[in-house]
Amino acid sequence: MADQEEEQDNTGDQNHKPQDLPQVLVLKPPPVLSFLTAHAGSIQAILCSGAAPVTDDLLQLLPSVRLVVTASAGTNHIDLEACHRRGISVTNAGNVFSDDGADAAVGLLIDVLRKITASDRYVRQGLWVSEGDYPLGSKLRGKRVGIVGLGGIGLEIAKRLEALGCNVLYTSRKKKTFLSYPFYSDVCQLAAHSDALIICCALTDQTRHMIDKDVFSALGKEGVIVNVGRGAIVDEKEMVRCLVHGEIAGAGLDVFENEPDVPKELFELDNAVLSPHRAVFTPESFMALCELVVGNLEAFFSNKPLLSPVMDL
Ligand SMILES: O=CC(=O)O
């Protein structure tokens, strides 16, 4: 999941009548070129997910489009600059994924620290009997956890960690004046003061490979990284190297740079907990997402304010 750091209100009139909606293009692979050829001029809104990029070239083919609705928190598959230039509004998943994304992030952190899935494998493989006791995990309470991106998901992570007795610190585009958590504008400084880093910011040109060699080295040998944002925020090769050489202690990863391909080295590592980009998805969050998507389309076509705008033009 990736978080746009927008505080959004996802409430509103949800009395949908999807059959009444004007024509909407649902973008999904395989390519929809024949559809486009027939309907390009009349399409006013695009509904997409991370699977299909919304590029400047695509928008060029659709001169009537005024809204892009993405069924994801992250918008890195959308050319936002092109949307802005063309006067196209954009909405995302707003806060519907915040709870589930935060639960998964904290779950991954606890799993890495307490070796939950690694010790599960140990028991299943019969190693408890043949090898004896499994190595101890590390305590969560008292850990300093640096959150990278304090948007909807980040804020929910912070609440959960506080309740679990951790010390929360963060970096974000801007300091949140309404919060007392220590703020670091520099991610290396944040890492140097953290026992664990949780990545839940958006992938942008500024954040691509932001978690690099210097950040890992500042985090140190006892440090843990959790990523529920986007794989490419982390320099994955460097992270794998640090894990293999014990230069960081562990990683809990829901996202990868070239999904669904996962670096094979990670399969061998007991200090890496791997999850197939499922952090924010539950049947409940999908239902909420569907309501939000329809609500955004209804709002747009009835000239009302969008429910979860990333850009409202
Ligand atoms: O990763 C999931 C999302 O961006 O919604």
Side-chain angles (χ1 to χ4, degrees), residues 1-11 68 70 72-85 88-99 101-102 105-106 109 144-163 166-212 214-216 218-219 225-235 255 279-280 292 305-313:
M1 169 331 32
D3 211 329
Q4 289 303 305
E5 297 197 47
E6 314 280 356
E7 271 72 61
Q8 286 153 342
D9 177 8
N10 298 333
T11 58
V68 175
T70 181
S72 59
T75 54
N76 53 295
H77 54 292
I78 302 172
D79 187 336
L80 291 177
E81 189 278 321
C83 289
H84 190 262
R85 179 168 23 90
I88 299 172
S89 299
V90 178
T91 69
N92 72 348
N95 282 329
V96 298
F97 290 148
S98 300
D99 279 331
V106 174
L109 177 62
R144 299 165 305 162
V145 184
I147 302 179
V148 179
L150 210 62
I153 294 177
L155 281 170
E156 289 301 323
I157 292 173
K159 276 193 218 162
R160 284 155 177 72
L161 291 173
E162 250 193 306
C166 296
N167 299 311
V168 172
L169 31 159
Y170 74 102
T171 186
S172 205
R173 279 177 225 169
K174 283 189 233 135
K175 184 174 162 56
K176 314 268 175 186
T177 46
F178 58 96
L179 291 171
S180 58
Y181 305 131
F183 168 74
Y184 292 84
S185 56
D186 176 42
V187 72
C188 267
Q189 281 300 314
L190 178 74
H193 290 86
S194 300
D195 301 304
L197 279 187
I198 300 187
I199 319 300
C200 51
C201 60
L203 173 62
T204 63
D205 289 345
Q206 289 71 44
T207 63
R208 187 174 297 278
H209 280 202
M210 173 176 72
I211 308 298
D212 60 6
D214 294 340
V215 176
F216 291 121
L219 187 59
I225 181 160
V226 169
N227 191 1
V228 293
R230 285 287 183 269
I233 297 167
V234 173
D235 180 342
V255 286
V280 301
L292 182 64
L306 297 169
L307 303 185
S308 53
V310 173
M311 236 166 25
D312 196 352
L313 298 176

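All residue numbers in this chain count up from 1 along the given sequence.
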Listing request: all side chain to side chain donor-acceptor pair (under 3.5 Å) pairs with a residue in residues 144-160, at least two apart in sequence or in separate chains.
Asp99-Arg160, Asp103-Arg160, Arg144-Asp195, Glu156-Lys159, Glu156-Arg160
Going by the angle between their ring planes, with limits at 30° and 60°, are Phe183 and Tyr170 parallel, tilted or perpendicular?
tilted
What one should report as the nearest heavy-atom pair of Ala158 and Leu150 is CB-CD1, 4.5 Å
Spatial distance of atom CG (Leu197) from atom CG (Leu219) [nearest 0.5 Å]
5.0 Å
Go through Leu155 and Leu179 one step at a time and tell me if the side-chain contact (heavy atoms from CB on, under 4.5 Å) criterion holds.
CA-CA 10 Å; Leu155 281 170; Leu179 291 171; 3.6 Å; yes
Show the nearest heavy-atom pair for residues Val280 and Gly101, with the distance to one decimal.
CG1-CA, 3.8 Å
Atom CD1 of Ile157 and atom CG of Leu109: how far apart are they, to the nearest 0.5 Å?
9.5 Å
Check the pair Tyr181 / Lys176 against side-chain contact (heavy atoms from CB on, under 4.5 Å), numbers first and verdict last.
CA-CA 9 Å; Tyr181 305 131; Lys176 314 268 175 186; over 6 Å; no
Stepwise, does the side-chain contact (heavy atoms from CB on, under 4.5 Å) test hold for Val226 with Val145?
CA-CA 10 Å; Val226 169; Val145 184; over 6 Å; no
Flag, side chain of Asp205 to backbone of Arg208, donor-acceptor distance under 3.5 Å:
no
How far apart are the closest heavy atoms of Leu313 and Cys83, and which atoms are they?
CD1-O, 3.9 Å
Is the closest side-chain heavy-atom distance between Leu80 and Val90 below 4.5 Å?
yes
Nearest non-hydrogen partners of Cys201 and Gly149, listed with the distance:
CB-CA, 3.8 Å
Measure the spacing between OG1 of Thr204 and CE of Met210 and express it to the nearest 0.5 Å.
8.0 Å
Working to the nearest 0.5 angstrom, can you tell me the gap between Ser89 OG and Leu306 CG?
5.5 Å
For a quick test of reading the model, state the closest non-hydrogen atom pair linking Leu169 to Tyr184 and the distance between them.
CD1-CE1, 3.6 Å
Any idea which heavy atoms bring Ala93 and Ala73 closest together, and the distance?
CB-N, 3.7 Å
Return the CG to OG distance between Leu292 and Ser308, rounded to the nearest 0.5 Å.
4.0 Å
What is the distance from atom OG of Ser185 to atom NZ of Lys174, rounded to the nearest 0.5 Å?
14.5 Å
Find out whether Ile198 and Leu161 are in side-chain contact, i.e. whether some heavy atom of one side chain is under 4.5 Å from a heavy atom of the other.
yes
